[in-house]
Peer 1: 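Before I ask anything, here is the structure I am working with.
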Amino acid sequence: MSITHITFSSQNWAEKHHKGFDKIVSVYEQGARRPRFGNRSPGSILYKNIPDQDFYFQPEASYPSTQDITSFLLFCTSASPKSILIHCKMGVARSAALAAILLAYLQPNISTETIFRSLPNYRAGRPNDVYPTRTLLAPAQEAIQRPDLLSNAYRTFKSAIGYDRMKLHAHLAGLPPIETANLLSRRLKENPGLAPFFVSQRYIAETSL
């Protein structure tokens, strides 16, 4: 592959510094302000509507699909770009996950210990503020045809930093722990394949008491 630079960032950073990149992946939510990139060629920008929350706070129709990931990878690798800029609102979750997926796709020998822990090296701005969105990881494993790679990598990453995204989203959504646990339990029953990307059943049981 010809890509030599992958960077992910906040929307504000991307709007100011996009000129130094061959292609931009612009992630924003429906109804939000559309990012502005001057007079760039439309073919150099891929717009993706991806909600800024994980599965258990979103309706079924908003789940990212394997096709979403495939179109993202095709855009990034077509026409031999040298540099890719991926942005979301804050440059912390969705763009970090997409950067990890692209790294896994471009580097067949990348290890599960490396994928997420290397992300601070690719972030513009505060390098340690990285919490990849799991919403994108399940369909990505199918798109890149590497079963369990991202789920194992995420489990390693979460264990290394002691990070529990579910508790964070419960706080942001203003939901009590028991309601959050019930929502997650329902999502897992609907699609057991999502389990590797969420916290343990033990946590669900404890918070449901």
Side-chain angles (χ1 to χ4, degrees), residues 1-3 6 8 23 25 27 46 48-78 81 84 86 88 92-123 130-169 181 183-205:
M1 296 293 182
S2 62
I3 299 173
I6 299 171
F8 65 97
K23 290 188 174 184
V25 178
V27 177
L46 175 67
K48 281 288 185 184
N49 175 19
I50 300 173
D52 191 17
Q53 290 181 343
D54 274 327
F55 283 106
Y56 41 92
F57 291 112
Q58 293 298 327
E60 193 80 24
S62 69
Y63 291 9
S65 66
T66 301
Q67 181 56 42
D68 288 325
I69 303 301
T70 299
S71 64
F72 158 71
L73 294 173
L74 287 175
F75 171 81
C76 289
T77 55
S78 64
I84 301 288
I86 305 168
C88 57
V92 172
R94 290 168 293 175
S95 58
L98 288 173
I101 292 164
L102 184 57
L103 286 171
Y105 180 71
L106 295 175
Q107 301 178 30
N109 296 322
I110 196 168
S111 68
T112 56
E113 292 78 13
T114 301
I115 296 174
F116 293 113
R117 297 185 71 175
S118 68
L119 287 179
N121 298 324
Y122 297 90
R123 188 180 190 275
V130 174
Y131 305 110
T133 300
R134 287 167 291 187
T135 307
L136 293 155
L137 302 182
Q141 291 190 143
E142 182 176 349
I144 66 176
Q145 298 182 352
R146 299 187 68 182
D148 300 326
L149 173 69
L150 293 170
S151 57
N152 290 338
Y154 189 87
R155 189 179 298 110
T156 299
F157 170 75
K158 188 176 71 172
S159 175
I161 64 174
Y163 175 72
D164 190 332
R165 189 176 181 82
M166 179 179 171
K167 293 179 182 178
L168 173 64
H169 274 291
L183 284 170
L184 178 53
S185 296
R186 187 162 61 251
R187 291 298 189 206
L188 290 176
K189 288 178 182 178
E190 294 168 356
N191 190 343
L194 302 180
F197 300 103
F198 294 108
V199 296
S200 67
Q201 292 291 338
R202 177 183 175 187
Y203 176 75
I204 297 173

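The residues of the chain are indexed from 1 along the displayed sequence. Computed from a predicted structure; not experimentally measured.
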Peer 1: How close do S71 and K48 get, counting heavy atoms only, and between which atoms?
Peer 2: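 Scanning both residues, the minimum pair turns out to be OG-NZ, 2.6 Å.
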Peer 1: If you compare all heavy atoms of I50 against all heavy atoms of R94, which two are closest, and at what distance to 0.1 Å?
Peer 2: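 Closest heavy-atom pair between I50 and R94: O-NH1, 2.6 Å.
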Peer 1: Give the minimum heavy-atom separation between S2 and P81, together with the two atoms involved.
Peer 2: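 Taking S2 first and P81 second, the nearest heavy atoms are OG-O, 2.9 Å.
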Peer 1: Under a 4.5 Å cut-off applied to non-hydrogen side-chain atoms, are F116 and L137 in contact?
Peer 2: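 Yes, at least one pair of side-chain atoms sits under 4.5 Å.
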Peer 1: Can you sort out the partners of T66 under side chain to side chain donor-acceptor pair (under 3.5 Å), two or more places apart, ordered by chain and number?
Peer 2: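 T66 satisfies side chain to side chain donor-acceptor pair (under 3.5 Å) with E142 only.
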Peer 1: With the side chain counted from C-beta on, respond yes when F72 and L102 share a heavy-atom pair under 4.5 Å apart, and no when they do not.
Peer 2: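 The answer is yes, as the side chains (C-beta and beyond) meet within the 4.5 Å cut-off.
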Peer 1: For residues C76 and V25, determine if any side-chain heavy atom of one lies less than 4.5 Å from a side-chain heavy atom of the other.
Peer 2: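 Result yes, sub-4.5 Å side-chain heavy-atom pair found.
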Peer 1: Using a 4.5 Å cut-off on heavy atoms from C-beta on, say whether the side chain of P139 contacts that of D68.
Peer 2: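 With C-beta onward as the side chain, the pair stays apart.
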Peer 1: Enter the distance from S95:OG to Y122:OH here, rounded to the nearest 0.5 Å.
Peer 2: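 One gets 14.5 Å once the value is rounded to the nearest 0.5 Å.
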Peer 1: Can any side-chain N or O of R146 pair as donor or acceptor with the backbone N or O of P108 at less than 3.5 Å?
Peer 2: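 Yes: the side chain of R146 pairs with the backbone of P108.
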Peer 1: With side chain to side chain contact (heavy atoms under 4.5 Å, CB included) as the criterion, how do L106 and I6 come out once you've worked through the C-alpha distance, each side chain's angles and the decisive distance to 0.1 Å?
Peer 2: CA-CA 11 Å; L106 295 175; I6 299 171; 3.8 Å; yes
Peer 1: Within the distance-only criterion (no hydrogens, no angle test), does the side chain of K23 pair as donor or acceptor with the backbone N or O of L46 below 3.5 angstrom?
Peer 2: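 Such a contact is absent between K23 side chain and L46 backbone.
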Peer 1: If only atom types and distance count, is the side chain of Q141 paired as donor or acceptor with the main-chain N or O of L149 below 3.5 Å?
Peer 2: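 Yes: the side chain of Q141 pairs with the backbone of L149.
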Peer 1: Which atoms form the tightest heavy-atom contact between A140 and L150, and what is the distance?
Peer 2: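 Nearest heavy atoms, A140 then L150: CB-CD1, 3.6 Å.
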Peer 1: Can you list everything that forms a side chain to side chain donor-acceptor pair (under 3.5 Å) with T114? Sequence neighbours excluded, please.
Peer 2: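 Per chain and number, T114 pairs via side chain to side chain donor-acceptor pair (under 3.5 Å) with S111.
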Peer 1: Can you check whether I115 reaches Q107 side chain to side chain, under 4.5 Å on heavy atoms?
Peer 2: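 SC-SC contact between I115 and Q107 ruled out.
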Peer 1: Kindly compute the distance separating OG1 (T112) from CZ (R117), expressed to the nearest 0.5 Å.
Peer 2: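 Interatomic distance, T112 OG1 to R117 CZ, rounded to 0.5 Å: 10.5 Å.
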Peer 1: Show the nearest heavy-atom pair for residues C88 and A93, with the distance to one decimal.
Peer 2: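 Closest approach of C88 to A93: SG-N, 4.3 Å.
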Peer 1: When rounded to the nearest 0.5 angstrom, what is the spacing between CD1 in I86 and CD1 in I101?
Peer 2: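 Spacing of CD1 (I86) from CD1 (I101) equals 9.0 Å.
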Peer 1: To the nearest 0.5 Å, what is the distance between OH (Y105) and OG1 (T70)?
Peer 2: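 Here the interatomic distance stands at 9.0 Å.
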Peer 1: Over all heavy atoms of both residues, which pair between L119 and A100 is shortest? Give the atoms and the distance, please.
Peer 2: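 The answer is CD2-N, 3.9 Å.
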